[in-house]
Structures are given as C-alpha cells and as structure tokens.
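Heads up: the structure comes next, in structure tokens.
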Amino acid sequence: DPKAKTALSDEEVIRKEVQSKLYYVKYFLSRETSDVSRETNTRHSPLTTHDSRLTTDDFITIATVRPETILGDTAIAVNPNDDRYKHLHGQFAFVPLINRRIPIITDEYVEMDFGTGALKITPAHDKNDYQIGEKHGLEIIDTMNDDGTMSEAAQLYIGEDRFEVRKKIVMELESKGHLVKIEDYTNQIGFSERTDVVVEDRLSLQWWVDMKKIYKPALEAVIDEEIKFYPAKFKNLYRNWMENIRDWCISRQLWWGHRIPAWYDDEGNVYVAKTEEEAHRQWSMVNGQSKDSPTHHSPLTTHLRQDDDVLDTWFSSWLWPFEVFKGYSNPGNPEIQYYYPTNTLITAPEIIFFWVARMIMAGFEYMKEKPFSDVYFTGIVRDELGRKMSKQLGNSPDLLGLIDKYGADAVRFGIMISSPAGNDLLFDVKEESTLKQGSFFINKMWNALKLVKMWESKQAASDKPQAASFAVDWFENRLNEAKVEIEELYKDFKLSEILKTIYSLIWDDFCSWYLEWAKPGFEESIDANVYSRTVQFFEELMQLLHPFMPFVTEDIYHQLKERKEGDDLTVRRLKKYSIQNSEILKQGELLKEVITAIRDARNKVQLKPKDQVKLHIRADNSSAYKNIENILQKQVNAESVSYVNEAVSNSINVVVQKDKFFIESKSHADTSSHKEELQKDLSYLEGFLASVEKKLANERFVQNAKPEVVDIERKKKADAEAKIKAIKESLESLN
RNA sequence: GGAACGUUAGCUCAGUUGGUUUAGAGCGCUGCUUUGACAGAGCAGAGGUCACUGGUUCGAGCCCAGUACGUUCCACCA
C-alpha cells in the first residue's frame, strides 16, 4: 500500500566527526511591525547602512556551520525562556544579502547556551528546521539543485557549487559587515554510505510503506514465540522497535534494483500496478476511455511514464524467504511448499530491524504464514578493548596467519568456545589464549590416538574378567549421558556450551579417566573386546566433535581403522543414544571421588607417587567396591586392597561419603599436616551442619517448603553428621 | 534525550521455571611430580560479602523497585 509523502529521510547516512567552522552572522532587525519592509524583499536590493531606519545595534547574531543555507532562511528562533531575546519576540529580521523579512519565533527546541542562543531556521535543508517550520507554518524555500548547486530560489550564486558558495558568501558577508567572528568547531556531518559525499537535507517526493497497517502479526509471532529468538533478550529490542514502528521510505534514486511499479500520466496522476498494461487500464478507466479488447492495446500507453526510482534493497530482501522459490509470483509450487516456512535463520543482531523484522512482516503479509521458526543471532567479534573489528582500525586478526600458526581446527575451536549464543565475542589478538587451548586439545587427541594405536598390536583374547570391563561399561553410559546433554544444548543453540561439554568429555572422561582405567599393565596385552570398544568410543567422540573441528576428527577417524570408500565422518549418521544405567554412572562417580580423595591425602602427607601403600576399606556395603577395586588399586598405587571392620592404626584416614579408607604406608608419613587437613574438613562440615540445622529448625520452612526439599535437607543433615563422626574418629586414632 | 541489554573468581563466561551442600567451568596463578600416550602433560590447591540499596518470600545470584557504572541501538548536536 504505497503512498506518496513529503518528508526527509536519513537512511544510509554515515555520521562522521569533522573539523568545521562556526560562523557568527548578524541579521539586522526590522523595527517596523507594519509591512513597510515588503518593498525591500526583492532581488539584489541590499539594505545598506544608508538606510535610516537601522543602526548597527539593531541586529541579532546567529551561529551557523553552513552559511550558504542563509539564503533559504525563513525564520529565526529563540528559546522562549531566554531573557536576552524576550524583547524580540514577535519582531522581524532581514536575511543578510537578500533581505528577506523573516519572523523571530520562539521554540523550546533552541538551546540557550549553544552559540548565541538564536537559531536560523531553514526548513528546506535541515530536518529539525523542517519540523519547526511545520509547527510554525513557515515558508519552505529550497535553495539547492539535485547536483548540489544553488537553485533559482537562492537568488544569489545560482548554479554554483555549495562548497564554493560557502567560501564566497563568507567573504561577501564579511565585506558587508555581517560577519562577527569565525570559530573552530567539531561537529558530526552525514556522509553518503555509498559515495562518501556530504549529504545535504533536501525535500523530495518519495514512496513510503504505512507500517502500522502490517506490523501486528509479526510482533505477536515473536512475543508468543511462534518465532523464537536465540538469545531471547532480543525479543524486547524487537518489541520496542515494532511497537514504535515508523513509516518506511522504500524509494531510492539508484540505477540498480527493482523499479517502482508506478506510472505517471502527462497530468502527473499516479497509477500503481503490477504491469504497464494494468496501469494503462487504470488510466483508461479514470479518463473515461472504453475498455475495448483487452488483448489489443492502443498506443496511448506511451502517455504513461514509469517512475525512475527503484526499491530499497531491504524492500527486495524482505521477499527473500518466499520469493527465492517464487512463492508469491507462482503460489503453491512444489518448492515453496517444501521450503516454506523454513527452520532457522542465522544472522547478525544489527540487522534485526533492517531484515529480520521485515522478513517476518512480509511473510505474514504475503504468505499469511511465518517465514521461519527460529532465529539465531551470532555475536559480533570485538577486540580486547571491546571495539568492533574493522579495516579502518586495523584491529582485525590475520586469520590466515593464525591458521598457519595454530591450525584451522584450533582457530575454529578458539572462536567457537568463546562465543556464547548472541553475546559479543571478545577476541584477544595478543593473547590468543583460546587458540592455544584449541591446539593443545588437538595435541591431546593425537596423543590419545597414539596410545590406542600402541595397543592395536598387543591385543589378546581374554580369559579372565578384567578391570577394564567396568571402564567400558562406565564409559558407554557416560557417553550416552553426554549425548543427551548435547542434544538438549543443540535445541537451545548453545554452541559454545556444546563444545565445552565435548571438550570435557574427551579430555577428562575419556583421556584422564577411561583410558587410564582401560590401560593394560606394563608389557601386558589388552583384551581384544576392550580394544574394539575403545576404538568405537573414540569414533563416536570424533563424530560429536566433527562439526566444530572437522579436519582433525576426520583424520583420526580414518587412522583408527581401515575405512571403506565413502565411510567418512562428514556423512556418517549419528548413532542414537540408548538409556543409561544410573547405577554404573554412580559407581563411576564414586570411583573418581575415592581416587581423587586418596591421591589428595597421599599428596598432603608427601608420599611419592612411586611409594606403594596398602589400602583398607571400611564400608557399609563393601560389595559396591567389588567392581571397581582393581581400578582403584591401580590408580592409587596400592599393592593390596582389603576390607576391614575396625579402624587401622597408624594409617592415613580418608572419608568419602560414609565410607572410610585407611592408607598404610611403610614410608614415613607426615601426620601433622594430615591432622590439620582433617581439622579443616571438620570445621567446614560443622559450619555446614549448623546452617542445615538452622534451616530445619525454622518451622515456617518445614511447613511451607515442598516436602521433597525438606527431605533433601534432612538427608544433608544425616550425611554431614555421619561424616563428622568419621572424621572425629580419625582424629582420635591419630592421637 | 529515548530504548534495549549487561554488572558472578585476575581474565572470558555458565548458572535452564526461587530450594542437593558455605556458588561453577575454561584460561591464568601457586605447590608437587620428569624415561611408558601427552611437560603442549599429570596430580592437587588457592581465589568470589554474585555492582550497590531496599523490598517480596520460610528461603533470592535468580523475582520487584531504586541507584551507580558499562555496552549497543535510535534521535539530536545550529
């Protein structure tokens, strides 16, 4: 529904700070309130000083950076509260050089403390002046031509370039006593985005879209999450813009683009139509011509002239989701039916208004349906000072250089790991710490591959149940657990979180735990089944990581095993995860916890890693350790593991959950630091217990909180009490 | 001037409808460990009154109000 409208538009204008001059210019006052001065308002009849009605004191001084626009002035404005000018309210002044008589008006818009506090009003060449002009009913005098030269209406310097005129008019103003002073001044000036030329505000006739008529479905779709934004914070920005939507100027004076489908007749009437024929039919109806045969067009068509303007790029672009499949021009075709609406739009937050919002509006307006379901906004890459990367600042990293230095996958890793959905990405070019992390990660995977390949030739059929079988069962379940997490994260487009999860799964769970647990003893062979399962786990890990680090993962995949032609990670289907055995996962966690606690205790009493110990376990349920005792023994360098019912004297005590571990060592163990550690644990636990007890003592908590929450607190209390008891016992045994 | 978003460990950030510990991760930092995949490593550790003030609640990093600071967008700067 285009309509013609007169206004000023400032799209595609880049504002830049420039050094300018601020010219202070005297406008002589008219003391007459009658229209005696009318006679002076003619061309080239400068009101010179011999005019008896004026003295040199009778002037008002304004400040301007564009003295050439003086010729288009139609008023002077002052702030109504400005005492300096109160006596001039309702008076008149003369435009210098051409002596047009203009009113002195009052408007709150005028800043009293800028310049002289008096502002010249040029409605044809300044947006604000235009608005003031509209408000006060001022005359509009367009003093400039399309090519930036002065027009007839300027009266002076007709046909000369605006910048030349600026120089000349300053000289003339000075010679005629109008120039008070010139100051240096820094201001912002609009430059054309395309040609980098200073933009002058001018009045022109343009095509506009009345956005208020079409925005509603697009607003509601995003608010109701029929279309989801990731991250959701952009919803508010979108809402704010849509609720205050302004008309859209869609015509552009360019050579390239979709031409405006509007035709003019000789009288200047407009006919908007899909085709020239249709425009002509409209013209015929308006002009009372008979609609003879529709296939036979008369030469009258030549009377119509199509608008030279083209549509704004974004007006063409908002058609993109459907018109790339001819969804509007050929409705219901098989492609549009398949591809519309589509799933996900990936784009930058800075074009939410330009493009995203408009595609949504066009979708509802022309297709009666949303164009896509999800919009994922990528972050903007900034340098360590938070500045956008740009050629001008020269703060962009040399990506090809970084790839040479760290590898393509490491660079991908570094960028992906530090770009949480929709947040800006601070990229520290000097540190490059995440890139280093990426290349270390690659190194880690290569070393894991090296280890596994070493086992390849040392496989043997197993005759006895191995410690490694628990490791295999555990990792299988751990892998499935991680796959579920990853799938959830994908649904929310949390790409950096996914990568972190995979990173930790590979580094910690696979390399640090699983491979150590599955590792055969020195010079021992590996169970053939354990080996093939290990290879399979490795494959699956590489597959999970493949979208983030495609090169190294594909390479490792092929090195793990002989592959048939076409068996590549990039086209391999993801294996569906199966249900996890939570009991095994729990045992794995217990194992990790016990290993860590015992290593910690060994470390604290300064036992060397080489020093072998005897491990005694006192557990309520010692069968829980049967599955894992082999691994435990190996991981804490114990020569034996036994189960006891009594405390073991002269040992280092470790408490994990409710179970106690006694570490017996031949080496001299420094028990004083051990006691200190136990004391520290004890005071922490006592503090914790106090906080839980306080909570449980609060009647209102017990009454109001959900029963399961209260149960959790009770369990916390019981666990803490058991642990405190065990630690106290240990402390006593050390005395 | 208007609006949106943010403020959690030295740095970069998680923390999913308020309730499993006295808040997590990565990097950095500190200590210990060097010939069996990996020192580009391993093992462990330290480090935070969750910007501030008030409110709602049995309970707040999370909800509400205000303040401060920051980032971005829009408008304006004669």
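Order of the sequence lines fixes the chain letters, A, B, ..., with proteins taken first and strands second; residue numbering starts at 1 for each chain.
Of the residues A/K716, A/K717, A/K715, A/K723, the one that meets the salt bridge (Lys or Arg N to Asp or Glu O under 4.0 Å) test with A/D719 is A/K715.
Spacing of C1' atoms, B/U12 relative to B/G66, comes out at 30 Å, to the nearest Å. Using atom C1' as the reference point in both B/U34 and B/A39, the two lie 8 Å apart (nearest Å). Nucleotides B/G6 and B/A51 have their P atoms positioned 12 Å apart, rounded to a whole Å. Comparing the P positions of B/G10 and B/U30 gives a spacing of 16 Å, expressed to the nearest Å. Comparing B/A4 with B/C43, their C1' atoms are spaced 47 Å from each other, to the whole Å. Distance noted for atom P between B/G26 and B/A14: 16 Å (whole Å). For the C1' atoms, the distance from B/G61 to B/U16 is 14 Å, rounded to whole Å. Distance check on atom P: B/C73 versus B/A65 gives 26 Å, rounded to whole Å.
Between A/Y376 and A/F493, the two ring planes are parallel [angle under 30°; tilted spans 30° to 60°]. Using a 30° and 60° split on the angle between ring planes, A/Y503 and A/F441 fall in the perpendicular class, above 60°. Classification of the A/W513-A/W517 ring pair by plane angle, with boundaries at 30° and 60°, yields tilted.
Here B/A41 is the nucleotide among B/A44, B/A41, B/G19 with the atom lying nearest to any side-chain atom of A/K444. For A/F440, counting side-chain heavy atoms from C-beta on, the closest listed nucleotide (B/C38, B/C74, B/A41) is B/A41. Side-chain proximity of A/W507 to B/A41, B/A37, B/C43: nearest is B/A41. Side-chain proximity of A/D600 to the nucleotides B/A37, B/A44, B/A78 is greatest for B/A44. Listed nucleotides: B/U21, B/A37, B/C73. Nearest to the side chain of A/L451: B/A37.
For the pair A/K494 and B/G15, the criterion of a side-chain N or O lying under 4.0 Å from OP1 or OP2 is met. In this model, the phosphate group of B/A44 is approached by a side-chain N or O of A/T596 to a distance below 4.0 Å at OP1 or OP2.
Nucleotides of RNA chain B nearest to A/D508 and A/A118 differ in position, and the one nearer the 5' end is that of A/D508. Looking at which nucleotide of RNA chain B each of A/W455 and A/Q437 is closest to, the 5′-most match is held by A/Q437.
The distance between atom CG of A/L495 and atom P of B/A14, rounded to the nearest whole Å, is 13 Å. Protein atom CG of A/N637 is 14 Å distant from nucleotide atom C1' of B/G42, rounded to whole Å.
In this model, a side-chain donor or acceptor of A/E516 finds a partner on the base of B/A37 within 3.5 Å.
Because its glycosidic torsion is more than 90° from 0, B/G24 is reported here as anti.
A/V702 comes within 4.0 angstrom of no nucleic acid atom, judged by non-hydrogen atoms across all strands.
The shortest side-chain heavy-atom distance between A/T106 and A/Y85 does not fall under the 4.5 Å cut-off.
Of the nucleotides present, none pairs with B/A78 by Watson-Crick or G-U wobble criteria with both distances under 3.5 Å.
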